[in-house]
There are 2 protein chains.
Amino acid sequence: MANIQQVAKQAGVSVATVSRVLNGQNTVSAKTKMRVEEAIKKLNYEPSLLGRNLRTSESRLLLILIPTISNPFYLEIIKGIEQVAISQNYNILLCETDSNPQKENIYFDLVRKKMADGIITMDPAVNVETLKKLAENYAVIQCSEYEECTGIPYVTIDNEEASYRAVKHLIQIGHHKIALMNADEKYLFARLRKMGYKRALEENGITLKNEYIISTSNLGFENGQYAMKKILNLQDRPTAVFAVSDLLAIGALKEINIAGLHVPNDIAVVGFDKIDFSNMTNPTLTTIAQPMRKMGNVAARMLIEKIKGEEVESIILDHELVIRESTSR
Amino acid sequence: MANIQQVAKQAGVSVATVSRVLNGQNTVSAKTKMRVEEAIKKLNYEPSLLGRNLRTSESRLLLILIPTISNPFYLEIIKGIEQVAISQNYNILLCETDSNPQKENIYFDLVRKKMADGIITMDPAVNVETLKKLAENYAVIQCSEYEECTGIPYVTIDNEEASYRAVKHLIQIGHHKIALMNADEKYLFARLRKMGYKRALEENGITLKNEYIISTSNLGFENGQYAMKKILNLQDRPTAVFAVSDLLAIGALKEINIAGLHVPNDIAVVGFDKIDFSNMTNPTLTTIAQPMRKMGNVAARMLIEKIKGEEVESIILDHELVIRESTSR
DNA sequence: TATAAAAATGTAATCGATTTCATTATAAAA
DNA sequence: TTTTATAATGAAATCGATTACATTTTTATA
């Protein structure tokens with residue numbers, strides 16, 4: 001495979017001139033440019049990014065850290081990131097961490113060792129200290145899920161308000177006995193969503209019942225089933241469930257079905273995220289739509305600015321309540 | 001940020017010695033090694049992979065090309081690939097092509113320009129000629145979906161046999177009127193699965209009805225709904241449906257439900273792929289399990305061998321029929 | 001036509017590592 | 001102690017590009 005030297009030789013010019021043609025600089029005469037282009041074609045030459053990147057000290061690779069690729073919630077965010085990245089000549093590297101510090105470290109290393117220019121993380125909780133230290137020397141952005149105290153810029157929605165609106169919707173259609181299927185409170189979003197839940201109840205004079213709040217270690221389908229079983233066994237059974245992820249909600253749906261009850265007539269269900277599958281269930285799921293594509297766009301833009309050394313501010317985006325069959329009669 | 005020169009200076013040795021310590025060569029005396037390691041720690045030094053990779057002419061990056069990340073079918077394969085890749089000190093880059101030649105070319109370019117060492121493609125149909133040409137000079141492996149004529153090594157299952165077994169299962173539980181919800185026959189797997197379907201019917205003396213075979217442009221949920229609508233409108237309605245993807249099958253499930261019919265009592269349904277969601281539906285879905293993790297493992301191993309310049313042979317793996325509620329009474 | 005200014009091109013340093021070959025220090029053998 | 005073999009280290013080339021600066025060629029101006 002040819003390199004720039006051979007192209008220069010073939011075209012009868014210096015490597016500098018070839019490089020100029022390659023980078024579209026206009027200081028090359030039309031005649032020379034043609035000769036170089038012919039040589040490139042003849043030798044089937046492809047410039048090595050390794051050489052270029054070493055010289056320019058960049059890789060034009062962005063890392064996206066997600067806990068797991070099996071959660072469809074990330075899909076649209078990733079597309080949003082990719083959209084901006086590609087348009088700015090960056091490529092993205094999808095990295096699944098399984099929330100495992102060791103795996104995470106493999107990807108952090110890629111940044112430390114200059115093979116990637118920056119990181120967008122959607123699971124900052126794994127190892128906050130390491131992340132914080134990394135962010136001192138490298139470009140890091142938090143997306144969707146974030147840690148406030150790190151000083152690392154983030155883009156997210158107002159989780160407290162979103163949760164408040166979901167619960168308020170349930171109250172408005174007549175529910176008083178509303179369960180909250182929440183994530184572990186080590187996550188900021190879980191704490192915020194609980195606050196929104198509480199506020200909606202308080203404002204409507206409903207007393208909070210602690211047994212109506214169930215925590216799950218994970219946001220998956222099975223966790224939803226498990227949590228719903230618990231809820232169904234309560235002696236004063238709730239008539240509505242607000243789950244903080246669609247997968248949890250879909251698990252709940254299934255379990256309610258198994259119990260021979262009807263959604264929404266016996267129990268109404270609200271999810272969170274508006275993943276594709278939330279529209280494929282029976283009944284379709286009422287849920288909170290995060291502006292995922294936009295969130296991805298913004299995160300990518302922030303990261304690229306950060307890479308360029310600019311100051312970036314955290315951003316909070318709007319959300320939306322999507323009402324579907326699981327809460328309508 | 002420090003480089004190898006500064007480390008050498010700090011430790012009072014040459015860069016060669018630092019490099020030796022970095023690469024764990026045993027020709028360095030214990031005393032010197034310690035001095036170098038102290039210098040590394042003191043300067044917070046991280047070796048640049050750009051420098052190393054340029055010198056060694058490798059990137060240790062593998063590209064995985066998938067049509068879309070929203071199809072859960074790829075999840076487990078990707079994990080399988082990652083498992084082997086990480087263990088051999090490679091990193092993977094997940095690339096969504098949307099079956100779009102332009103997007104595909106961005107990723108091919110990464111290989112041509114030495115930023116990636118090889119490609120595993122799960123959607124070779126996009127641009128067979130380009131792929132073939134790429135494979136002449138670079139390491140390429142086809143995984144799951146493949147083109148026979150390209151001469152590019154592949155790993156897959158026996159699609160004809162898998163399809164045969166799915167349909168035979170339906171026949172064994174008493175069905176004669178079996179619809180096939182197939183993909184576009186431009187795909188090899190679609191042609192093979194149709195052959196398996198035919199063989200099962202023939203062997204059991206069932207005449208093939210052309211109106212029972214529906215082609216969909218895509219393997220998604222909506223396509224399944226749409227195709228099922230067509231099937232439900234047939235005057236001699238089938239009592240069973242074999243869909244060549246779980247997403248199609250889930251779409252069918254939904255549509256049958258809407259029509260007020262029961263699965264499996266009125267219509268039995270079989271899917272293909274055993275994606276996670278196939279166990280979350282109501283009823284759970286009978287489906288063909290591809291050994292996805294293993295397929296990923298094998299594909300990665302094949303690619304790495306190819307990168308090392310070894311000859312690799314195509315491989316066909318076993319599959320399995322998983323019987324669940326959608327075909328049991 | 002001579003001279004100055006602008007455009008085109010080339011030379012060589014550089015990015016940060018690895019690695020070959022030469023050299024020096026150390027240990028073993030005579 | 002001297003010689004020889006071996007281990008440890010260093011100097012410098014190399015990977016393939018970009019780019020500052022120097023030089024040559026061309027064009028414009030007087």
Side-chain angles (χ1 to χ4, degrees), chain A residues 1-40 43-61 89 109-117 137-138, chain B residues 1-37 39-40 43-61 89 109-117 137:
Chain A
M1 235 130 291
N3 61 18
I4 199 172
Q5 316 277 351
Q6 294 166 291
V7 173
K9 195 171 176 186
Q10 169 77 30
V13 298
S14 73
V15 292
T17 301
V18 177
S19 176
R20 283 180 192 113
V21 172
L22 249 32
N23 294 287
Q25 275 169 274
N26 55 355
T27 66
V28 182
S29 75
K31 206 179 57 185
T32 322
K33 192 175 165 194
M34 244 193 51
R35 279 223 313 282
V36 172
E37 277 163 353
E38 272 166 19
I40 289 175
L43 296 179
N44 215 341
Y45 167 71
E46 297 277 356
S48 156
L49 290 181
L50 291 175
R52 169 180 301 169
N53 291 346
L54 172 59
R55 179 59 221 246
T56 57
S57 313
E58 60 174 13
S59 65
R60 301 203 82 79
L61 233 44
N89 238 319
D109 251 3
L110 241 39
V111 176
R112 295 193 194 103
K113 299 190 171 174
K114 321 279 189 304
M115 267 299 273
D117 291 345
N137 294 305
Y138 304 91
Chain B
M1 234 132 292
N3 60 18
I4 199 173
Q5 315 278 351
Q6 293 166 294
V7 173
K9 196 171 174 187
Q10 170 76 33
V13 298
S14 74
V15 293
T17 301
V18 177
S19 175
R20 285 183 191 111
V21 173
L22 249 31
N23 293 286
Q25 277 168 273
N26 53 355
T27 66
V28 182
S29 75
K31 205 177 61 185
T32 321
K33 193 175 165 196
M34 244 195 51
R35 279 223 313 283
V36 171
E37 277 163 353
I40 288 175
L43 296 178
N44 213 341
Y45 167 72
E46 296 279 354
S48 157
L49 290 182
L50 291 175
R52 168 180 303 171
N53 291 346
L54 173 59
R55 180 60 221 247
T56 56
S57 311
E58 61 174 14
S59 64
R60 302 204 83 81
L61 233 44
N89 236 320
D109 252 3
L110 241 39
V111 176
R112 296 193 194 103
K113 300 191 171 174
K114 323 278 189 303
M115 267 299 271
D117 291 345
N137 294 305

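Hydrogens, waters and symmetry mates play no part in the numbers below; they use all other heavy atoms, side chains included. To find a chain, count down the sequence lines: A is the first, B the second, and so on, and within it residues start at 1.
Atom CG of Leu110(A) is separated from atom CG of Leu49(B) by 6.5 Å, given to the nearest 0.5 angstrom. To the nearest 0.5 angstrom, Lys114(B) atom NZ is 14.5 Å from Leu61(B) atom CG. Taking CG of Leu43(A) as the start and NZ of Lys9(A) as the end, the distance is 11.0 Å to the nearest 0.5 Å. Rounding to the nearest 0.5 Å places OH of Tyr45(B) at 13.0 Å from CD of Glu37(B).
Val18(B) comes within 4.0 angstrom of no nucleic acid atom, judged by non-hydrogen atoms across all strands. Note on Asn23(A): only backbone sugar-phosphate atoms sit closer than 4.0 angstrom, heavy atoms only; bases stay farther off. Ser19(A) comes within contact range of at least one nucleobase, with a heavy-atom separation under 4.0 Å. Nucleic acid contact for Gln25(B): none, since no nucleic acid atom lies under 4.0 Å from a heavy atom of the residue. Nucleic acid contact for Leu54(B): base, since at least one base atom lies under 4.0 Å from a heavy atom of the residue.
Contact annotation: Ser29(B) side-chain N/O to dA7(D) OP1/OP2 distance is not under 4.0 Å. In this model, the phosphate group of dG10(D) is approached by a side-chain N or O of Thr17(B) to a distance below 4.0 Å at OP1 or OP2.
Between chain A and DNA chain C, the heavy-atom contact criterion of under 4.0 Å yields a 5' to 3' nucleotide range of dA8(C) to dG16(C).
Of the residues near DNA chain C, Thr27(A) and Val15(A), the one whose nearest nucleotide (by heavy atom distance) lies more toward the 5' end is Thr27(A). Nucleotides of DNA chain D nearest to Ser14(B) and Gly51(A) differ in position, and the one nearer the 5' end is that of Ser14(B).
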TODO: Verify side chain to side chain contact (heavy atoms under 4.5 Å, CB included) between Glu46(A) and Asp109(B), making sure each step is shown before the conclusion.
DONE: CA-CA 9 Å; Glu46(A) 297 277 356; Asp109(B) 252 3; 4.3 Å; yes
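In this structure, the NZ atom of Lys31(A) is 12 Å from the P atom of dT25(D), given to the nearest Å. In this structure, Arg55(A) atom CZ and dT18(D) atom C1' are separated by 5 Å, rounded to whole Å. What separates CD1 of Ile40(A) from P of dA17(D) is a distance of 10 Å, to the nearest Å. Distance, Arg20(A) CZ to dT18(D) P: 11 Å, rounded to whole Å.
The partner of dT25(D) is dA6(C), judged by Watson-Crick or G-U wobble contacts that both fall below 3.5 Å. When Watson-Crick and G-U wobble pairs are counted only if both distances are under 3.5 Å, dA13(D) pairs with dT18(C).
Residues Leu22(A) and Ile4(A) share a closest heavy-atom pair of CD2-CD1, 4.2 Å.
With sequence neighbours left out, Ser59(A) forms a side chain to side chain donor-acceptor pair (under 3.5 Å) with Asp117(A).
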